[in-house]
Amino acid sequence: MPSNGLIDSHCHLDAPEFDPDRAEVVARARAAGVAAQVVPAIDAAGWPKLREVCAATPGLHPAYGLHPMFLDSHRPGHLPLLGEWLQRERPCAVGECGLDYYIEGLDRETQSRYFDGQLELAREFDLPVIVHARHAVDATLAAIRRVGGLRGVVHSYSGSEEQAQQLWKLGFLLGLGGPVTYERAQRLRRIAATMPLEFLLLETDAPDQPDAEIRGQRNEPARLAGICGTIARLRGVPAEEVARATSDNARRLFGLDS
């Protein structure tokens with residue numbers, strides 16, 4: 001691992017699943033070589049707790065946003081409120097935001113309004129965006145192009161190689177995590193094996209998306225080293241090479257100093 005540690009670019013450490021043992025979870029992550037985590041939000045009601053969790057422990061970097069899966073929690077007034085939070089808090093990113101066309105009942109037009117609004121705020125405040133794009137990569141690409149002047153990461157990437165190339169041309173990175181450890185994920189593993197390292201971030205999405213070794217269990221950021229190892233094996237390179245490159249990428253994208 002790099003001397004300054006791995007970076008988990010997507011970890012919901014403020015989630016209630018971690019309330020009983022959050023300090024121990026962070027300690028296990030540090031012991032496993034994870035030096036820092038980016039902690040994205042899901043809704044406005046959770047922003048104060050997320051701020052508190054990140055302020056309590058070095059190496060936790062908050063992002064504020066409105067997740068498309070929690071559409072029922074969002075209100076039009078949350079977009080200007082987000083602008084106030086971005087102005088005051090100066091987080092490392094806007095997010096988690098995006099489009100989810102997989103879950104039925106999530107109105108696509110409403111999702112698009114919130115997504116576009118957050119992309120515009122990210123451009124206004126010169127912040128990267130952390131994007132959720134499930135069964136919606138083409139629509140996500142269209143939104144990024146429509147707003148313009150953006151940078152960020154599509155986390156838990158599940159699109160095609162051709163879509164990935166379009167994202168790279170727009171200045172976006174791909175976040176890969178637990179799903180790449182499953183042998184059945186052939187397309188994703190092919191992308192992980194061949195993509196330019198300069199566009200790769202590592203993530204756990206903890207407590208969700210556990211890797212193959214802990215399938216069905218609560219995920220946590222200490223598992224990041226295993227994800228790094230899997231990608232390194234797929235690429236036929238030392239884990240140190242993947243670790244160093246992805247950590248440098250995360251620091252550069254999010255402006256991290258740890």
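The chain is numbered in sequence order, starting from 1. The model shown is predicted, which means the values in this text are computed figures rather than measured ones. Only heavy atoms go into these numbers, but all of them, side chains included; no hydrogens, no water, no symmetry mates.
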Side chain to side chain donor-acceptor pair (under 3.5 Å): pairs with one or both residues in residues 184-201, sequence neighbours excluded: E161-R190
So which pairs with a foot in residues 32-59 pass side chain to side chain donor-acceptor pair (under 3.5 Å), sequence neighbours left out? D19-K49, R30-Q37, R51-E89
Going by ring-ring contact (aromatic ring centres under 6.0 Å, His included), name the pairs with one or both residues in residues 178-230, residues two or more places apart or in two chains. W168-F199
Under the ring-ring contact (aromatic ring centres under 6.0 Å, His included) rule, what pairs show up with a residue in residues 144-164, not counting sequence neighbours? H10-H155
Please check this pair: side chain of [X] against backbone of [Y], looking for a donor-acceptor N/O pair closer than 3.5 Å.
X: E220; Y: A29; result: no
X: R235; Y: M195; result: yes
X: D211; Y: R223; result: no

Salt bridge (Lys or Arg N to Asp or Glu O under 4.0 Å) contacts touching residues 56-74 (sequence neighbours left out): none
For F254, the ring pair (Phe, Tyr, Trp, His ring centres under 6.0 Å) test, sequence neighbours excluded, returns none
Residues in ring pair (Phe, Tyr, Trp, His ring centres under 6.0 Å) with F70, at least two apart? H67
Who passes side chain to side chain donor-acceptor pair (under 3.5 Å) against [X], sequence neighbours left out?
X: S158; value: none
X: R145; value: Q166
X: Q163; value: D138, S160

With a cut-off of under 6.0 Å to the ring centre and 45° to the axis, is R108 in cation-pi contact with Y101? yes
State whether R244 and E240 are salt-bridged, where the test is any N-O pair (Lys NZ or Arg NE/NH1/NH2 against Asp/Glu carboxylate O) under 4.0 Å. yes
Within a reach of under 6.0 Å around CZ of R218, are more than 12 heavy atoms found that belong to other residues, nucleotides or ligands? yes
Donor-acceptor pair between T204 and Q209 side chains, under 3.5 angstrom: no
Short side-chain donor-acceptor distance under 3.5 Å, D100 and H132: yes
Output a table of donor-acceptor pairs, distance under 3.5 Å, between side-chain atoms of residues 78-85 and any protein atom two or more places apart or on a different chain; print 'none' if there are none.
residue, atom, partner, partner atom, Å
H78, ND1, R75, N, 3.0

Between side-chain atoms of residues 123-131 and protein atoms elsewhere (two or more places apart, or another chain), which donor-acceptor pairs fall under 3.5 Å?
residue, atom, partner, partner atom, Å
R123, NH1, V147, O, 2.4
D126, OD1, R151, NH1, 2.9

